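The next block holds one structure in the form of structure tokens; read it before the comments.
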There are 2 protein chains.
Amino acid sequence: MATLSDIGVAAAINIFGAFSFFLAFAILRIQPVNDRVYFPKWYIKGLRSSPLGTGAFVGKFVNLDFRSYVRFLNWMPAALRMPEPELIDHAGLDSAVYMRIYLLGLKIFVPITFLAFTILVPINWTDSMLEHSNLIYSDLDKLSISNIPMGSTRFWAHLLMAYVFAFWTCYVLKKEYEIVASMRLHFLASEHRRPDQFTVLVRNVPPDPHESVSELMEHFFVVNHPDHYLTHQVVYNANKLSELVNKKKKMQNWLDFYQLKYSRNQSKKPSLKTGFLGLWGKTVDAIDYHTSEIEKLSKEISLEIDKIANSRQAIMPAAFVSFQTRWGAAVCAQTQQSRNPTIWLTEWAPEPRDVYWDNLAIPFVSLSVRRLIVAVAFFFLTFFFMIPIAFVQTLANIEGIEKSLPFLKSIIEMKVINSFIQGFLPGIALKIFLIFLPSILMLMSKFEGFISLSGLERRSATRCYIFQFINVFLGSIITGTAFQQLNNFIHQSANDIPKIIGASIPMKATFFITYIMVDGWAGVAGEILRLKPLIFYHLKNFFLVKTERDREEAMDPGTSGFNTGEPQIQLYFLLGLVYAVVSPILLPFIIVFFSLAYVVHRHQLINVYNQEYESAAAFWPDVHGRIIVALVVSQLLLMGLLSTKHAAQSTPLLVTLPVLTIWFHRFCKGRYEPAFVRYPLQEAMMKDTLERAREPNLNLKSFLETAYIHPVFRAGDDSNGEEATEEREKEPVLVPTKRQSRRHTTLASKCGSSFSSLLPEDQELSQI
Amino acid sequence: MATLSDIGVAAAINIFGAFSFFLAFAILRIQPVNDRVYFPKWYIKGLRSSPLGTGAFVGKFVNLDFRSYVRFLNWMPAALRMPEPELIDHAGLDSAVYMRIYLLGLKIFVPITFLAFTILVPINWTDSMLEHSNLIYSDLDKLSISNIPMGSTRFWAHLLMAYVFAFWTCYVLKKEYEIVASMRLHFLASEHRRPDQFTVLVRNVPPDPHESVSELMEHFFVVNHPDHYLTHQVVYNANKLSELVNKKKKMQNWLDFYQLKYSRNQSKKPSLKTGFLGLWGKTVDAIDYHTSEIEKLSKEISLEIDKIANSRQAIMPAAFVSFQTRWGAAVCAQTQQSRNPTIWLTEWAPEPRDVYWDNLAIPFVSLSVRRLIVAVAFFFLTFFFMIPIAFVQTLANIEGIEKSLPFLKSIIEMKVINSFIQGFLPGIALKIFLIFLPSILMLMSKFEGFISLSGLERRSATRCYIFQFINVFLGSIITGTAFQQLNNFIHQSANDIPKIIGASIPMKATFFITYIMVDGWAGVAGEILRLKPLIFYHLKNFFLVKTERDREEAMDPGTSGFNTGEPQIQLYFLLGLVYAVVSPILLPFIIVFFSLAYVVHRHQLINVYNQEYESAAAFWPDVHGRIIVALVVSQLLLMGLLSTKHAAQSTPLLVTLPVLTIWFHRFCKGRYEPAFVRYPLQEAMMKDTLERAREPNLNLKSFLETAYIHPVFRAGDDSNGEEATEEREKEPVLVPTKRQSRRHTTLASKCGSSFSSLLPEDQELSQI
């Protein structure tokens, strides 16, 4: 068991590490040559086009102003200075609300820490359970609940504190939910006109032998939303095209690389082998080879574009339908269209850049099969991924290493190295495994069929949290593989599980303290240094960059990464709430993490990250829900712990606590969640009326017409892309129905009759 | 343990009992004097006004046509003869779909029984576990899974059958869900115009100091649904008024009674004492007393009506808002209106007669508190109600009775009485306790705040099922109070619980067979006799009836009682599915129940029951869900049972089964449930278009205007009620806004400006 001094050593190492990261960052960031690594956001927003620096040549690469080295921590107050409304404007609501998660952590834990240290710590410290026992203990344990003897009346203090902490957490959560909900509504109702306010995504359009998807779409909405329908854009299956475009881009990069190489060293024409990885095969001239390859690809691309424009197979049974008013879109998104609830599915269109195009055409039955497959796969991932981690962890304790590698014994028993291994290794082993996780989870979510990036990230975050909860939290408390745990849990009674976990919680406090320092503190400090983007940028800059545009593309601002970041924060919420009553010594470490992460993340949001999408804080219900889960878990574990301490008379009071917490959650869900799922008609109508009054002659159609075009048509080969767009635009505004059966029904008469008279009869018939 | 002959005796008794009930019914129903008891539905529908009988005076009371006595069972084919569409027309969709639950039982269990008897029974019978054991066993047990020795390979047959049964059940369920969903949609889209198709119930209208609820309503919907809003009806708090009206009706009944008494025996004026229950106090003339009381009440009623019409307190913050089109109503019901999701709550208006008026004004916060209270109360009801039942059950076995009442020993040991006690008593003890249950559950649902009778009944049915599952099903398998069970379950592992229950299932087969006979067979036969309504009708007919209208009121047709009937059927589904693999001998008894109940219920629906409301089969998702629950429970218990039989190699296959079943449920939920919750716009638009074409001059407003008036205004004092209605109708179609703050905003200008010009400025200001 680690002693206070072990923790001290680990803390010192971590603080030193974090400090050196900050120092390195402070030096690197003021070098003009790194400007695009540390301030990409400003370049992307067009507010900066070259590093701010002195005019001299050397000054373009190295900062010579020595005064700026002295003020090396001044980025911290700068990061805090930007007010929230400006931050929303600068980085989007998602980012601003994401910052509030860290703030929420501080709001919850600072008062809890204060209370715990003034009330619980003295109570624990002054008791004498451990002194009179034969157990080996450290000073750390004297601060925790372990120091209270069995059946002591002092447990009433812990019980009372559990209530106080729960009420405080719920109070802060409710306040925060209220604020975020109103921020979201305010943001959605803001002046800025956005295409997704008018647009609904329609999926699972039923196949029709007589009409194309586009015509079917038109007829359906002209009939069923006659006063509001404006226009629509069908979705093209451009997955192959975007693959080709990407391939061409890669080739272009290589061509640039070889041309640059050749221009620097004209003596030798660069050559390459055409076989696998350039290791064997025929040797050819690299520049010629790439030029011809690019030409070939260009042809393929234009062929593919033709195919998409002309073939019916390329049109997916989905479309973005735009309405004349926000009211019309709100109505269509919230209602069921057809008798069969699995066709004509409508939902709010995500922002254009938030759309995940590949998943737009998955049919309903396939969706539910995919969901089953992913659920089963995730179950196995969660419960069998743990085996290698547990193996490493058992190696990573002193005795384990001494046993398996006896020749290291003399080194290990040196005091510093001993502390180092105990403080670091278990945390690092876990962390390395966790690095692989998010991409696997993201793949799962993609397979499951979400249609927006924000949805993908939210689902991945949920899975990531469940994974961390089972494998990091439970896995570290009850060592053993997750599958062993599952097996144990099945064979233990519902009563015993919280007891077993609860009883081992106090013993694991030191492990989690080191985990927080390694994963949290060092992780945050590493985040600000951006070592990977720094290296990649300079490599690209050296090998590929010719023009300013290339340099722009070489920047990799990244995003704040909701799917990896949020579950990590949630783990700290869980640890904080679980240990608040049991071992309050953990709390200061969590507070340090939250404040550090808040400052760093705020700085990164302002200067670095470029969000891929804007979901208007749609993730908040998840954040809220997971903190509630953490609260309930902490209460159940406390119940288990106290029942092993023979404080059973407190059980009824402890049972009430989770019941109340869950009730509070349901209350909040009913009260605030609709703000994140639906769009109130009152709001839509207000905004429509205002807009109509201000801009009576607004041409909404032209604003919306090209909003939801597959990005490959935009970004790819520009001239070709526009051709396809024009193709689409040439369609007449209202297409006469071509279906014989419909022309005589009352339903179709409304849209059909008025137009069929405009067409000569034979033309219509010939089309059938 | 009961033997085959015990079961035989019990079955004989029950068959004899049921047969005698049918015989009594056959005789009673053809007596003209009972015509209104056994055929009230026809009177209510106005298709019959006097018994069909011979002309003679005696013939009016007793049937003298002896031929009709011979054909005493001919009501059975008559009940089956009416085709389903006609049944829907005659008794409503709810009733027709309710019949399909019985049919569903037959569809599921007839093939399962056939398979079980041709495959499982021979397999069980030819094995020899029980012969070689020292256990006491009966022939019944030889038919069950108990006869298979530990670890036998024969269990694969049971496993296979579990799969076959599960797939068959799911297949039938899916078919049925599909049929019912399309029946519902067809019914909703049927020609008949109903006010609830155009109407939405709006609740939690925020209080406004400047405007009345009615004005606020008008403004809100004119602004937010400008093209569709038609009219609205505010909800009055008429709870006190309806109390007074009921009291007056009661007094009127007593007055009639005394007047009739006096007219029959003019020698003595009837008198009564005014004190408690007429037992003491001043003696007064009964007729005078009641006449004056009625006069007093009439005055109070008209005062109360005045108060309701004029006071603002009597208007609840809720209203029924009607739209010009079904489309408009469908949109409003499915969307969120206001920023704050707890005000301006909209939902489909229930049918006018389905509205539960008392609950219309419960605010949102209070609703969630009530839900918590009811959940806790239901928990305690479920787990502590069992104590008395268990007490009776322990008395009701032979040894128990002999022990506690030793003097009965000689009687009990007579063979017939012994069988009787074993066959009957435990079932009856349970049944008596269950009679009290539905009204308690109904009270709970009312307190919880549902606003429609159908909603109340559905929730009560859910609770009743949970109660029966825990107390009847689990309580009979593992004898002991529910609280003891709960305590055991908490202390047992998740693995052991199905084992313990599963292992005791085969032993309880005989108990459940007798339960099915007593509760099911005899219950159904008793249902058709209608003993209670028969007696009450004749009492009323003798003491109160003076006019034809009185006689009409004396009829008590009753309803099919979803909240009591459905959970009972579900219990049989549960028993059937659980025992299908374990002891197939139970299945024929369940089939007899389902067919008997089907015939009897169909007869009652055609001739007797008068449904209080029409929810268009909104209950089907509940029915479907509970059968799925039964299926999953049966699979888990089989898993437990097989693991005690050392057939553990089958566990992975058995685990797959509930996973697949739950997935199937989720699939069905997504596919069919929306048809029961939402109303597709396409459907609404089609119906609107058709109607507009057929009846272009329809005055919808007059059709809707009085549809949702509190029944007390209609049924109570007719002249007075209409006064209040007229009062309401006098309101102008559009009320100018009285709120200063709104008059200058853009929002209000749309509806305010055009009308404020019509009013002199000072008049408007004076009203503020």
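Predicted model only: the values in this text are computed from it and were never measured. A note on names: the letters A, B, ... follow the listed sequences, proteins ahead of strands, and every chain is numbered from 1.
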Working for side-chain contact (heavy atoms from CB on, under 4.5 Å), residues A/Val223 and B/Thr689
CA-CA 10 Å; A/Val223 170; B/Thr689 316; over 6 Å; no
Heavy-atom cut-off 4.5 Å, strictly under: side chain, backbone, both or neither for A/Ile662 against chain B?
neither
Where is the tightest heavy-atom contact between A/Pro680 and B/Gln337, given as atom of each residue plus distance?
CB-O, 3.6 Å
From OG (A/Ser368) to NZ (B/Lys669), nearest 0.5 Å
14.0 Å
Heavy-atom pair with the smallest gap, counting every atom of B/His225 and A/Leu681:
CE1-CD1, 3.4 Å
Taking all heavy atoms of B/Met685 and all of A/Asn224, pick out the closest pair and write down the distance.
CB-OD1, 3.4 Å
Taking all atoms of both residues into account, what is the closest heavy-atom pair of B/Thr335 and A/Val331, and its distance?
CG2-CA, 4.1 Å
Stepwise side-chain contact (heavy atoms from CB on, under 4.5 Å) test for A/Trp663 and B/Val369:
CA-CA 9 Å; A/Trp663 174 78; B/Val369 174; 3.8 Å; yes
To the nearest 0.5 Å, what is the distance between CZ (B/Arg666) and CZ (A/Arg371)?
6.5 Å
Mind ranking A/Phe667, A/Trp344, A/Tyr672 by heavy-atom pairs under 4.5 Å with chain B and telling me who comes out on top?
A/Phe667
Segment of B/Leu367 engaging chain A (4.5 angstrom heavy-atom cut-off):
neither
